[in-house]
2 protein chains.
Amino acid sequence: MSGRGRIFPNLCNLKLTRQIQNYPGAMNSGVNLKELAAELKLSPSTVSRALNDSYEISAETKKKVISMAEKLNYQPNPFARSLRENKSKTIAVVIPERINNFFAQVIDGIEHITQQHGYHLLVYNTHEDVDKEKKIISLLLNGRADAIVMSVSSQTSDVSHLERLHERGVPLIFFDRICSGIPTTKFITNDYESTFEGTRHLLQQGCKKIAFLMLSKELSITKERLRGYQDAIREAGLESESCLNITCCQNEEKNIELIRDLLLSENRPDGILASVEKLALATYQAVKRTNLRMPDDLKIISFSNMNIAGLLNPSLTTITQPAFTIGEECAKLLIRKLTRPKQPDLLNQVITVPSKITIRSSTVAG
Amino acid sequence: MSGRGRIFPNLCNLKLTRQIQNYPGAMNSGVNLKELAAELKLSPSTVSRALNDSYEISAETKKKVISMAEKLNYQPNPFARSLRENKSKTIAVVIPERINNFFAQVIDGIEHITQQHGYHLLVYNTHEDVDKEKKIISLLLNGRADAIVMSVSSQTSDVSHLERLHERGVPLIFFDRICSGIPTTKFITNDYESTFEGTRHLLQQGCKKIAFLMLSKELSITKERLRGYQDAIREAGLESESCLNITCCQNEEKNIELIRDLLLSENRPDGILASVEKLALATYQAVKRTNLRMPDDLKIISFSNMNIAGLLNPSLTTITQPAFTIGEECAKLLIRKLTRPKQPDLLNQVITVPSKITIRSSTVAG
DNA sequence: AATAAATACGAAAACGATTGCGAAATAATA
DNA sequence: TATTATTTCGCAATCGTTTTCGTATTTATT
């Protein structure tokens, strides 16, 4: 035992230990509470309390502990904490599509709020597949996430998996594509009104035959938007022809062909309301396969959160949801629910955030 | 004690317990290993071993245990397991931008592989902000994720935070925007070659003055792509004029103005190579603010993973990375590293996956 | 000065899983 | 039949926190 070695005797031991633990393949989360306590010649309980700013610990001790914790770069083990506190500081986000500006913006909004409160985001993509959705939900049944924010897949009609989740007591929030059967809070845009307005706009631009493109009749947004579309058609004294209500599928190429066939049929529409962005883009592709010109022969308006709607040819008239805000609102509500002790369950209500219509060339006669 | 009540005595107690635990605000992860064991009149260790298919347990017992576990819908607590096994079954993905098809596709690719192995994905967006990146990385220092896949922000030049992470032993993989200083595996596309080809294509289409748009000179992709561009310029016997190397910023509007100024300057380029998609779109916006016509007055090629490059006006000639594949390859490598015990560290190597150039109207004389 | 109250900390029990070790019960061997 | 293997399972420690309880010391009160 040399004098030199005794300056930081414990520190030296510590470094040795850390090197030993640091073999390849092992997670090395650095120093732990017990080691930190030993370094300070205090008990783990005291150190824990000091770091959590407990009133039972003197200011002096707190200072020492905090300083040493920083020096050794102590990071509490999140799993020990989760196990003990029965919460994970993690929120799961389940979406049907990742390559989609709307969902990406919503997630950005969620992250913006949750990050401020130390929450982490698990993100899952169902790919519009209800079986994948069920698997993901069953994975979340074990408490890995403290709460779930989701938009259901277009295939989802049986919602028993979501009911189970909700009954388990996992806070669950829907946005955009909601499940009205599950008694919780949902955030949507004013689907009915904005579609109504959008359709009316097409009518004002001279459209006589307007087709409605949708993904699936099961979807909450489809139902509401279809209703808005139909009411606007009827208000204009026109007939809502069911042959103009087109249900598309998940296959892009098939959709393009389907729409092309529609555009070449006898009953050809002169206007299109696409209930989702993807179908507007398919329409653009379909039009390229015909001799039709937009907006002269065909006008189109669509729900879309594309930042480059203005760069399309013709530039696309859009109904744009405040996606980032929707994400933020979902997150704010959840944070309230999760951080306040014994907070009541999420109210069974639908909160509407209005969309904004931006008129561009695709609906304005050349 | 009635005879009726004794048919499933423990089950009744169980249900009661579950209801009590299920107060609002509490995570209810359902039945627990101890409870499951009590139900089976076995010890927790036996049940655990049975569920993990240990050789020490008889086939008969295993069957009973599994059946009861399904009946009670037993879900092991992930945090207890993580704590014990020192692994989280979670992989963190850190990207600079969420509203970006390239990164979204990469994540889809990662998820496609990791999901098959029971891994979960934590996704973080740095918003091209190195300070946010540092915070996120420091959050990941505690072992919350078993590994990290990332693409650095355009601001990242000091990489000490990434070095610390790597030294901690957390498996780390870079893709696209890499850190050559950190000795680990990186996945990139053939940045040099594809930019070289792209530039040559512009030259072949008659461009005499080609500008190069970039986000930041610090970025690995910028350096490589700039090199490819410059070599192609020199190969053609032209000068690489530094005034045509435009460094853009994070503000979209400023970029548009910057590019517009360039397009209105005396030294106006007749071709543009945008090293990232965002800058190609800014160019389209900038052109709209001038009297120039594309492709006649200005041709443009850009790295881009937009699915609708063909719908722009003019349709955009692109260099497209195999984003989904890149994600898959990152994930495959990580899974190998994480599932094999005592696997050696990730090799310090750069793996190149070639891009594909798709020529469209934006580079072809009308 | 004797007692009560406040302060500051430690020991140990959780949280829920996995696993080394020991020990019955059964089967195989001498 | 006595001994040794083998099979099958339980006990208890462990992972790293937080927290309940207990206790020693100091300060305040009568």
Side-chain angles (χ1 to χ4, degrees), chain A residues 14 17-18 21 26-65 69 72-89 118 141-144 146 341, chain B residues 14 17-18 21 26-65 69 72-89 118 141-144 146 341:
Chain A
L14 204 88
T17 310
R18 283 218 273 167
Q21 287 182 336
M27 254 177 29
N28 180 5
S29 55
V31 67
N32 73 34
L33 189 65
K34 207 194 298 180
E35 292 166 8
L36 176 58
E39 201 65 29
L40 286 156
K41 298 189 194 307
L42 287 171
S43 80
S45 40
T46 301
V47 176
S48 171
R49 274 186 271 247
L51 292 173
N52 292 328
D53 202 31
S54 160
Y55 71 98
E56 293 183 287
I57 305 299
S58 71
E60 197 185 9
T61 308
K62 278 181 191 172
K63 203 181 297 177
K64 278 188 213 161
V65 170
L72 301 186
N73 194 17
Y74 166 72
Q75 307 274 15
N77 182 307
F79 306 114
R81 186 174 273 177
S82 289
L83 178 59
R84 176 64 216 230
E85 308 217 304
N86 203 30
K87 59 186 180 190
S88 63
K89 280 276 183 179
L141 240 36
N142 60 10
R144 186 176 282 269
D146 291 342
Chain B
L14 204 88
T17 309
R18 282 218 274 166
Q21 286 184 337
M27 254 177 29
N28 181 5
S29 54
V31 69
N32 157 350
L33 188 66
K34 208 196 296 180
E35 291 165 9
L36 176 58
E39 200 65 30
L40 286 156
K41 300 189 192 310
L42 286 171
S43 81
S45 43
T46 302
V47 176
S48 171
R49 274 185 269 249
L51 292 173
N52 291 328
D53 202 30
S54 161
Y55 71 98
E56 294 183 286
I57 305 299
S58 71
E60 198 185 7
T61 308
K62 277 181 189 172
K63 204 181 296 177
K64 278 187 211 161
V65 170
L72 300 187
N73 195 18
Y74 166 72
Q75 307 274 15
N77 182 308
F79 307 114
R81 189 174 271 176
S82 289
L83 178 59
R84 173 65 214 232
E85 308 220 302
N86 203 30
K87 58 186 180 190
S88 63
K89 279 276 181 180
L141 240 35
N142 60 11
R144 185 176 283 269
D146 292 342

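Letters go in sequence order (proteins before strands), and every chain restarts at 1.
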Undergrad: Strictly by salt bridge (Lys or Arg N to Asp or Glu O under 4.0 Å), give each pair with a member in residues 42-54 of chain A just once, sequence neighbours left out.
TA: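 Matches after skipping sequence neighbours: A:R49-A:E56, A:D53-A:K62.
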Undergrad: Of the nucleotides C:dC9, C:dA17, C:dG16, which one has an atom closest to the side chain of A:L83?
TA: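 Minimum distance to the A:L83 side chain belongs to C:dG16.
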Undergrad: Considering heavy-atom distances to DNA chain D, does B:R84 or B:T46 have its closest nucleotide positioned more toward the 5' end?
TA: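 Nearest nucleotide further toward 5': that of B:T46.
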Undergrad: Expressed as a whole number of angstroms, how long is the span from B:L33:CG to C:dC15:C1'?
TA: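 Those two atoms, CG and C1', are 13 Å apart.
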Undergrad: Let me know the distance between CG of B:L40 and C1' of D:dG10, rounded to the nearest Å.
TA: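 It is 15 Å, rounded to the nearest whole Å.
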Undergrad: Please tell me which of B:K62 and A:R49 maps to the more 5' nucleotide of DNA chain D, matching each residue to the nucleotide holding its nearest heavy atom.
TA: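 Whichever sits nearer the 5' end wins; that is B:K62.
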Undergrad: Please check the phosphate of C:dG10 (OP1 and OP2 only) for any side-chain N or O of A:S45 closer than 4.0 Å.
TA: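 A:S45 to C:dG10 OP1/OP2: no side-chain N or O under 4.0 Å.
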Undergrad: Starting at CZ of B:R144 and ending at P of D:dG16, how long is that distance when rounded to a whole Å?
TA: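 Value for this atom pair: 16 Å.
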Undergrad: Test B:K89 against A:R144 for side chain to side chain contact (heavy atoms under 4.5 Å, CB included), laying out the working first.
TA: CA-CA 11 Å; B:K89 279 276 181 180; A:R144 186 176 282 269; 4.2 Å; yes
Undergrad: With a 4.0 Å heavy-atom cut-off, tell me which residues in residues 53-61 of chain A come close to DNA chain D, sorted by residue number.
TA: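 Per residue number, the list is empty: none.
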Undergrad: Tell me whether the side-chain N/O atoms of A:N32 come closer than 4.0 Å to OP1 or OP2 in D:dG16.
TA: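 For D:dG16, OP1 or OP2 has a side-chain N or O of A:N32 closer than 4.0 Å.
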Undergrad: Taking atom P of C:dA8 as reference, at what distance in whole Å does atom NZ of A:K64 sit?
TA: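 So the two atoms are 13 Å apart, to the nearest Å.
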